[in-house]
Amino acid sequence: MASLTPTVFNHWPWQQWASEQPNATAIIREQQSISWRRLADEVNALCSLFYHHGVRAGQGVALNGKNSPELLLGYLAILQLGARVLPLNPQLPDALQAQLLPILNIDWGWSSHPAAWPDSVKPLPSFYIEPLSVDNSDTSLMADWSSAQPLTMTLTSGSSGLPKAAVHTPQAHLANAAGLLQRMQFDAGDSWLLSLPLFHVSGQGVIWRWLQKGATLVQRNMHPLDQALAGCTHASLVPTQLWRLLEQDANQLVLKQVLLGGASIPVELTERAQQAGISCWCGYGMTEMASTTCAKPADATAGVGIPLPGRELQLVDNEIWLRGSGQALGYWQQGEIQPLSDSQGWFHTRDRGEMRNGELYICGRMDNLFFSGGEGIQPEDIERVLVTHPLIEQAFVVPVDDVEFGQRPVAVVDALPGLDLSQLSSWLEGKITRFQIPDSYYVLPAELKQGGIKISRLAVKEWVMHIK
């Protein structure tokens, strides 16, 4: 039975656990166990390093890189300094960062690899865990614990324009974690693999569940996945990863529970996992709500369950509205937090849903966003780049179903003579992220250009489905 009493924090969670259970294992890095006391010392040391380079409370700090011990430590240290932390996808194009970071008032940038920061962003030095001097750290640099501070910023794709940065407090993250863990069993003796990136709210969700329970976080190279999961009891995976895991010999795993997200979940996948002793959970969540909002044990239905404790849901003209625990304060823009909710506190998700037999069913986006292997893809983002090609006049990107990734993008282009479709993927490299690059390209047929000024996106999708 899941724990019903969330932990109350009077200090930064890692500092509180270092006081209450200093010798318990906080993190397993590859095969090395790190105690809560050691982790707290490492965070203090990095706070000293960042502070002496100029980072101050209230400033914005971007973290650019894949999951690593250093990235996680940076995330915690920036919070402990009372600064705002913005994890960035390392595939985010430099040109987009140059537009985005000044709007988000980012003062500092740390990267695990050489990065081209905008002129307004000062780079922080590279560091490595082992050389950090934990004996000379200055704990007086620690900001006072206040769970209501606006400290995390997470990029989310809207229907158009630049990505927005949802702003959360530590309390919102902890409340989100506590709600899920009132349904899903996860205790101090358990270990959760950090298998999702921190620039996704789902990755941050793993961090705050770990902190909520004072359990163990596992950080390992994700390839091969079965070795990464050795000794882990819990994981957040997309269906693609679980498929691959079950294709291998999973008998040596101690994995007990998996929270699946990011794509449709086939019943045969969860049944196969159950045969291997792995219980699967499915759910529904979003960046603005600090991750999971609804959840249930995966079953034969395609529903996502009911709202977790502390959350409210209503359907208005089939659109899902949410409010309650985990809700962001708003979107950060030019030094201000712009509200994302209406006057009654409801966030209008633009997701279409239905209630059937007492649970929520997600019927699709009210706009065009779709998910591929856990990554949100907005077709217009790809289309805007495609039409900059000198031989492309119009472009339409539509999703097609994919067994492994849930959905994948396909592009249909209205082009001038001479365009080589086989070269488009290479041409797109560096202009958009890799997961956005379409799997296939087609020339827009003449029949779809008849009958009106605007070409129907639905008609394009139906045509693609017919020819595939």
Side-chain angles (χ1 to χ4, degrees), residues 2 156-157 175-186 196 200-206 209 234-243 257-274 278-328 346-367 369-377 399 401-402 405-407:
T156 179
S157 295
N176 182 280
L180 177 64
L181 299 182
Q182 288 184 55
R183 297 261 177 87
M184 184 181 188
Q185 186 76 37
F186 179 60
L196 300 174
H200 275 181
V201 75
S202 52
Q204 293 183 60
V206 176
R209 290 173 211 131
H234 290 67
S236 294
L237 303 174
V238 296
T240 303
Q241 292 172 309
L242 187 56
W243 270 122
Q257 302 201 62
V258 170
L259 181 62
L260 290 170
S264 58
I265 304 168
V267 174
E268 55 267 32
L269 173 63
T270 56
E271 289 178 345
R272 190 169 171 185
Q274 192 67 48
I278 302 170
S279 297
C280 294
W281 288 72
C282 63
Y284 166 68
M286 53 197 341
T287 301
E288 289 86 350
M289 297 299 292
S291 194
T292 311
T293 300
C294 300
K296 70 167 189 179
D299 56 23
T301 75
V304 294
I306 60 175
L308 296 168
R311 285 79 157 167
E312 295 179 77
L313 178 152
Q314 67 173 340
L315 297 177
V316 179
D317 296 329
N318 293 321
E319 183 183 5
I320 300 169
W321 290 13
L322 300 170
R323 69 179 178 186
S325 297
Q327 191 164 350
W346 290 104
F347 173 58
H348 304 189
T349 69
R350 300 299 297 159
D351 283 333
R352 190 182 301 276
E354 297 177 1
M355 294 299 295
R356 306 178 205 158
N357 300 317
E359 68 171 320
L360 178 66
Y361 281 70
I362 309 299
C363 302
R365 292 291 295 177
M366 299 190 78
D367 51 26
L369 183 69
F370 63 95
F371 288 87
S372 177
E375 301 283 3
I377 294 180
D401 291 340
D402 183 272
F405 293 95
Q407 290 184 312

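Residues take their numbers from the sequence shown, with the count starting at 1.
Side-chain N/O atoms of His200 and Glu375 include a donor and acceptor closer than 3.5 Å. One side chain, Thr301 or Glu359, offers a donor N or O that lies under 3.5 Å from an acceptor on the other.
Residues Pro309 and Gly179 share a closest heavy-atom pair of CD-O, 3.6 Å. Ser236 and Val206 get closest at one heavy-atom pair: OG-CG2, 3.5 Å. Shortest non-hydrogen contact noted between Thr293 and Arg311 is CG2-CG, 3.9 Å. Leu322 approaches Tyr284 most closely through the heavy-atom pair CD1-CE2, 4.1 Å. Among all heavy-atom pairs drawn from Gly376 and Leu369, the shortest one is C-CD1, 4.0 Å. Gly303 and Tyr361 get closest at one heavy-atom pair: N-CE2, 3.3 Å.
Remark: Arg272 CZ to Cys280 SG distance equals 12.0 Å, nearest 0.5 Å. To the nearest 0.5 angstrom, Arg352 atom CZ is 8.5 Å from Glu319 atom CD. Distance check, rounded to the nearest 0.5 Å: NE2 of His234 to CD1 of Ile278 gives 12.0 Å. Taking CG from Leu181 and CZ from Arg209, the interatomic distance works out to 7.0 Å, rounded to the nearest 0.5 Å. Between Leu308 atom CG and Leu180 atom CG the span is 6.0 Å, to the nearest 0.5 Å. Taking CG of Leu313 as the start and CE of Met289 as the end, the distance is 9.0 Å to the nearest 0.5 Å.
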*Is there a side chain to side chain contact (heavy atoms under 4.5 Å, CB included) between Val316 and Gln314 once you walk through the steps?*
CA-CA 6 Å; Val316 179; Gln314 67 173 340; 4.0 Å; yes

_From CA spacing to verdict: side chain to side chain contact (heavy atoms under 4.5 Å, CB included), Ile306, Leu360_ = CA-CA 6 Å; Ile306 60 175; Leu360 178 66; over 6 Å; no

*asked:* For Leu269 and Trp243: C-alpha separation, side-chain torsions, deciding distance, then whether side chain to side chain contact (heavy atoms under 4.5 Å, CB included) applies.
replied: CA-CA 7 Å; Leu269 173 63; Trp243 270 122; 3.7 Å; yes

*Which is it for Phe347 and Gln327 under the side chain to side chain contact (heavy atoms under 4.5 Å, CB included) test, yes or no, and what are the steps along the way?*
CA-CA 8 Å; Phe347 173 58; Gln327 191 164 350; 4.0 Å; yes

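The shortest distance between side-chain heavy atoms of Glu312 and Trp346 falls below 4.5 Å. Between Asp402 and Gln407, every side-chain heavy-atom pair lies at or beyond the 4.5 Å cut-off. Side-chain contact check for Gln204 versus Asn176: every heavy-atom pair is 4.5 Å or farther apart. Under the 4.5 Å side-chain criterion, counting only non-hydrogen atoms from C-beta, Cys282 is in contact with Lys296. Looking only at side-chain heavy atoms (C-beta outward), Ile362 and Ile320 come within less than 4.5 Å of each other. Using a 4.5 Å cut-off on side-chain heavy atoms (C-beta onward), Thr349 and Met286 make contact. The closest side-chain heavy-atom distance from Ile377 to Phe371 is not below 4.5 Å.
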